[in-house]
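In what follows, a structure is listed as structure tokens, so that the remarks can point back to it.
Chain A is the first sequence line, chain B the second, and so forth, proteins listed ahead of strands; every chain is numbered from 1.
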2 protein chains.
Amino acid sequence: MATKVYKALSDPTRRKILQLLRERDMNAGEISEYFDSTKPTLSRHFSVLQEADLIQGNRQGNFIIYRLNVTVLEEAMWAMMDMFKLEHRGNDDEK
Amino acid sequence: MATKVYKALSDPTRRKILQLLRERDMNAGEISEYFDSTKPTLSRHFSVLQEADLIQGNRQGNFIIYRLNVTVLEEAMWAMMDMFKLEHRGNDDEK
DNA sequence: TAGTTGTTTAGCTAATTGGCTAATTAGGTT
DNA sequence: AACCTAATTAGCCAATTAGCTAAACAACTA
């Protein structure tokens with residue numbers, strides 16, 4: 001579970017894909033314009049990200065719209081923090 | 001830079017090493033008791049972690065004491081949060 | 001149904017990774 | 001010097017990975 005997420009994040013291309021999707025949903029073709037790699041190559045990156053549940057693809061007619069799973073990414077981060085017992089700077093200091 | 005950190009984190013053995021070192025400094029032999037892998041194998045994990053600057057080894061006589069670079073790990077986490085524009089839940093909300 | 005567009009799957013290759021055993025280095029002891 | 005212990009480096013292997021081209025699939029259009 002966790003390993004899939006870390007592996008997914010370990011590639012620069014995939015991290016940039018996530019960043020792009022942070023801004024807005026995009027279809028595969030749009031995303032590919034930001035990279036030099038071929039579409040098949042990017043397609044495989046998409047599937048890695050999907051297996052880690054970090055993104056989700058929805059076919060809309062001819063296109064497949066990819067969407068970032070923000071909450072999954074967020075929770076992965078918090079899990080990381082917990083795993084290493086790092087300070088959350090949590091906002092539970094009200095009162 | 002970032003990629004090295006992510007790659008280092010992408011292996012379960014290495015993550016467990018970091019967790020162990022979160023508790024206290026340990027030498028290579030001590031660490032190896034927590035794993036089934038051979039010492040050479042673990043040694044290479046150490047060097048991966050060192051190249052990512054996540055841990056640091058200091059020879060003390062016959063032993064090499066490994067220490068976690070907490071701040072590097074922490075900063076890597078924050079960089080990650082920034083990269084994906086996630087909420088920091090920062091405690092900068094005081095009035 | 002035949003064609004077109006968007007995307008993925010199949011199949012290949014080169015590079016990287018994680019594991020092993022055997023050999024080497026570093027330091028301390030006798 | 002000879003020896004012992006702790007750890008790393010060297011060298012090998014099997015599995016994984018990221019890239020490519022070519023082929024296939026899915027959905028729409030004429």
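- Taking atom CD1 of residue B:I31 and atom C1' of nucleotide D:dT8, one finds them 14 Å apart after rounding to whole Å.
- Within residues 9-24 of chain A, the residues having any heavy atom closer than 4.0 Å to DNA chain D are, in order of number, A:D11, A:R14.
- Rounded to whole Å, the distance from CG on B:D36 to P on C:dG18 is 17 Å.
- Within residues 39-70 of chain B, the residues having any heavy atom closer than 4.0 Å to DNA chain D are, in order of number, B:K39, B:P40, B:S43, B:F46, B:N62, B:F63, B:I64, B:Y66.
- Residue A:T38 is in base contact, counting any heavy-atom pair closer than 4.0 Å across all strands shown.
- Note: the hydrophobic cluster containing A:I65 does not contain A:L68 (ILVMFWY, side chain heavy atoms under 4.5 Å, direct or indirect links).
- The shortest side-chain heavy-atom distance between B:Q60 and B:N27 does not fall under the 4.5 Å cut-off.
- Taking atom OH of A:Y6 as the reference point, atom P of C:dT17 lies 19 Å away to the nearest angstrom.
- Annotation: the span from B:L21 atom CG to B:Q56 atom CD amounts to 11.5 Å, rounded to 0.5 Å.
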N/O donor-acceptor pairs under 3.5 Å from side chains in residues 39-50 of chain A, not counting sequence neighbours:
| residue | atom | partner | partner atom | Å |
| --- | --- | --- | --- | --- |
| A:T41 | OG1 | A:T38 | OG1 | 3.1 |
| A:H45 | ND1 | A:R14 | NH1 | 3.1 |
| A:S47 | OG | A:R44 | O | 3.0 |
| A:Q50 | OE1 | A:G57 | N | 3.1 |

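- Inter-residue side-chain proximity for A:R24 and A:E30 is flagged as met; some heavy-atom pair is nearer than 4.5 Å.
- You'll find the side chain of B:F84 stays beyond 4.5 Å of the side chain of A:L54, heavy atoms only.
- At least one side-chain nitrogen or oxygen of B:N27 sits closer than 4.0 Å to the OP1 or OP2 atom of D:dA7.
- Side-chain contact check for A:M26 versus A:F63: every heavy-atom pair is 4.5 Å or farther apart.
- A distance-only check finds a donor-acceptor pair linking the side chain of B:N69 to the backbone of B:D53 [under 3.5 Å].
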